[in-house]
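Structure first, commentary second.
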4 protein chains.
Amino acid sequence: MLETETTTRRERRIAARKAQLLEAAAHVFSHKGYEKATTKEIAEVADVSEGTLFNYFATKRELLIGVAKAYADEVAADIASVQGETFEDMLAQLMANRFRRGQERRLFMLFLYESRLNADVHEYYVQEALHRIIAATEQRLTALIDSGVMRPVDPAIAARMMSATIMGFAALFELGVSIGTGSPEKLGADVTDIYLNGLRN
Amino acid sequence: MLETETTTRRERRIAARKAQLLEAAAHVFSHKGYEKATTKEIAEVADVSEGTLFNYFATKRELLIGVAKAYADEVAADIASVQGETFEDMLAQLMANRFRRGQERRLFMLFLYESRLNADVHEYYVQEALHRIIAATEQRLTALIDSGVMRPVDPAIAARMMSATIMGFAALFELGVSIGTGSPEKLGADVTDIYLNGLRN
Amino acid sequence: MLETETTTRRERRIAARKAQLLEAAAHVFSHKGYEKATTKEIAEVADVSEGTLFNYFATKRELLIGVAKAYADEVAADIASVQGETFEDMLAQLMANRFRRGQERRLFMLFLYESRLNADVHEYYVQEALHRIIAATEQRLTALIDSGVMRPVDPAIAARMMSATIMGFAALFELGVSIGTGSPEKLGADVTDIYLNGLRN
Amino acid sequence: MLETETTTRRERRIAARKAQLLEAAAHVFSHKGYEKATTKEIAEVADVSEGTLFNYFATKRELLIGVAKAYADEVAADIASVQGETFEDMLAQLMANRFRRGQERRLFMLFLYESRLNADVHEYYVQEALHRIIAATEQRLTALIDSGVMRPVDPAIAARMMSATIMGFAALFELGVSIGTGSPEKLGADVTDIYLNGLRN
DNA sequence: AATGAATGAGACTTCATTCAT
DNA sequence: TATGAATGAAGTCTCATTCAT
């Protein structure tokens, strides 16, 4: 047996365990909130003993940071994949990608809240995820303005405004506020319409 | 001394105590979050003993509900006072009124988070506050559309979109995301401009 | 009821509780050692709940420091009371006072050990207690040398040597080493004899 | 390969492993104390896995006993080597040999403490080591008295007194009490002087 | 009505020991 | 034989809630 193979197998096992624990933690944190979640329940969901959990993450807080990091990575990969050329495509993808699944929205709410109380979470969620999304949006808007498709509005403000709208919709959804009677597609189309053409007659 | 007078005086004193405790609770909850806040600290801030606190609120959770109720009342009073005739005025007031003070934003974040975890908080915050704001906005938009000032967009969606944008801005602000280099007035003007005239060239 | 009386009664009750807990802690620490002692057992010995214990001492370590402080105070009071004029009296009192009771010896062993591992304990035990004993002994020896009763040996070394001997005897006793077949009085007399007259023929 | 040779080789390997583990344990125990020392750290210092450690010592306590036994053996070998003919030589060697190195003093403190809490440690440390030293000292003193060099004091008490003094000096040193301003040689000479000639003028 | 000491359930975390590989 | 991941008992500490004064 080669050294590298042995090492790799062990590393794979460790990585799998960590992933398994992070998944369980994400589940429990997103449903109960960080403080109400117990390491006991996380261990149960991951189907390991509580002691085992602490072999992989030294503290409960590290578990939260691990979930935040994984979430930020996912978001980063996601925005890199947004390829729509037109504004309609871009906005639709931004609105859909992040918040389609309930778990995504719950994690978003979790980090929205915990970022204010924990510096590490703030770093991963706000710096790594949120700032990237905003920067990417701003770049796209600048290009659209330069190409003459859009009016010369302040792209920094427009990008933040779009992020704010999307985050706000996610929050409304999560709070159980019914949004329109139509399909998600109609919602996307209506929002895009207002963003593009404005409300003025 | 008449019975009723005595009763009234007692009731006033009780109401004052409750208000004093709710104010302290709002302060501590909004800074520490519900779970990390302790009844000990709330009592200290209210300058009463912990025992007294529990004479007025049976559980810590009731305190949270009380704060949510007071917050909803405040919001209700606030939207009743929005009098702006033009769209610009309406949007400006909505953006400014709720979230100008840090305490307001922090409470907003608190209830945004806790509404998902507690049915009573959800009732007061979402039903009493959020739905009212949205309904009022929707009414106003309908009027503006009927009067021909605005295009015939779906007023339900537009109202929710505006609430979402405002909530999202509050969250971004609370997360420390820098929003534009200009003044709050410029931000308000820019947002209004995009909402009114759209982004398309 | 006067303010001062009320306050005093409360303070007395608090002081009594603290003393009760310190006594229990001294008992358990001296028998089990600091690490093996549990807050559960200390609370049981003090006949209060574990929660109550932590209302008076924030951490287990503070409890140890409290015991050390009380012990140092006791030692300080004790050395102040050593009044023997002659060398024989002084040595006899030093040997007897500190270590006659088992609890005293056990605490001595505890702090001897824990002083190396905890700065606060070191401060109270070594600085407050040990250094005082040595300094007082040194002063007395200097006086005896000046008065011509004793030879001009280095009083600093002689004082430390006497302390070392006494501490060593306490340790031997605590370890169950049988010391002489005679009475404690004979031991004291023999040790004094050797210190005074030396071993040389 | 002969059976006996194989067995012997294995036994040698086992003995070497045990020695390696005991050395690591002595190091960690003497620095951290028994309770705060972890089997994990001992294994790391010995450069083996925790599982291996438990293949050689069934419990952590057995490790402590092993260290005590090794320490007692070393002390026994040491006292056998004390060859000084005169009292000065004997006292000097006793004071120097055991406690010159910090590791020695720390182990001394460890066993001084743990002997009271563990019967096996007590057996090895007190019975094997301490009693032998005292017995050897007593023998020597008896010889010196018989030969007329020393006064006819009780040799049992004198031997215990000398052990006590030496142990006490080791403790004072370990506690950071400064002992005289001079060299260790001066200290040894002064102590010997007092022991031989006494303090009386 | 106000107080705050007492309570005890339950949280996070540590670590000696086991055991499958 | 060596490994180290898994275990779970046990420890310290927190805090909402109760209740005698």
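Proteins come first, then strands; the chains are lettered A, B, ... in the order of their sequence lines, and each starts at number 1.
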- Return no unless some side-chain N or O of D:R13 is found under 4.0 Å from OP1 or OP2 of F:dT1. no
- Task: Round to a whole Å and report the spacing from NZ of C:K32 to P of F:dA10.
- Result: 13 Å
- Message: What is the distance, to the nearest angstrom, from the CG atom on C:L64 to the P atom on F:dT12?
- Response: 13 Å
- Query: Is the NZ or CZ atom of B:R106 both under 6.0 Å from the centre of the six-membered ring of B:F108 and within 45° of that ring's axis?
  - Reply: no
- Message: By nearest atom, which of the nucleotides F:dT7, F:dA2, E:dA1 is closest to the B:R10 side chain?
- Response: E:dA1
- Item | Any D:S49 side-chain N or O less than 4.0 Å from OP1/OP2 of F:dA2 | no
- Reckon B:T38 touches a base, only the sugar-phosphate, or nothing at all at heavy-atom distances under 4.0 Å? sugar-phosphate
- Can you tell me how far the CG atom of A:L110 sits from the CD atom of A:Q103, to the nearest 0.5 Å? 9.5 Å
- Message: I need the NZ-C1' distance between D:K36 and F:dT12, as an integer number of Å.
- Response: 12 Å
Which atom pairs link the protein and nucleotides 17-21 of chain E when you take only N or O atoms and keep those under 3.5 Å?
| residue | atom | partner | partner atom | Å |
| --- | --- | --- | --- | --- |
| E:dT17 | OP2 | D:K60 | N | 2.7 |

- Query: Between C:K60 and C:A37, what is the shortest heavy-atom contact and its length?
  - Reply: NZ-O, 2.8 Å
- Task: Tell me what D:Y56 touches on the nucleic acid: a base, only sugar-phosphate, or nothing, going by heavy atoms under 4.0 Å.
- Result: sugar-phosphate
- May I ask you to say what A:A37 touches in the nucleic acid, namely base, sugar-phosphate or nothing, with a heavy-atom cut-off under 4.0 Å? sugar-phosphate
- Message: Contact between A:H27 and A:E23 at the side-chain level, heavy atoms closer than 4.5 Å - yes or no?
- Response: no
- Message: Between P on F:dA5 and CD on A:Q20, what's the gap in Å once rounded to a whole number?
- Response: 14 Å
- Value in whole Å for how far the C1' atom of E:dA1 lies from CD of B:E11: 16 Å
- With respect to the side chain of A:I14, which nucleotide from E:dA11, F:dA2, F:dA5 is positioned closest? F:dA5
- Task: May I have the distance from A:E35 (atom CD) to E:dA11 (atom C1'), rounded to whole angstrom?
- Result: 11 Å
- Item | Contact check, side chains of B:V48 and B:Q20, non-hydrogen atoms, under 4.5 Å | yes
- Task: Please figure out whether A:D47 or C:T52 has its closest DNA chain F nucleotide nearer the 5' end.
- Result: A:D47
- Can you tell me how far OG of B:S49 sits from NZ of B:K40, rounded to the nearest 0.5 angstrom? 11.5 Å
- Output field dot_bracket for DNA chain E (Watson-Crick or G-U, both distances under 3.5 Å, | for other-strand pairs) contains .||||||||||||||||||||
- Stepwise, does the salt bridge (Lys or Arg N to Asp or Glu O under 4.0 Å) test hold for C:E41 with C:K32? CA-CA 10 Å; C:E41 185 177 0; C:K32 300 267 176 92; 2.8 Å; yes
- Query: Out of curiosity, A:T39 OG1 to A:E50 CD, how far, rounded to the nearest 0.5 Å?
  - Reply: 4.0 Å
- Exactly one of B:F29, B:Y125, B:Y124 clears ring pair (Phe, Tyr, Trp, His ring centres under 6.0 Å) with B:F111, and that residue is B:Y125
- Query: Are B:V121 and B:Y34 side-chain neighbours, meaning at least one heavy-atom pair lies under 4.5 Å?
  - Reply: no
- Roughly how many Å is it from CZ in C:F57 to C1' in E:dA5, rounded to a whole number? 15 Å
- Query: Roughly, in whole Å, what's the span from NZ in D:K18 to P in F:dA2?
  - Reply: 13 Å
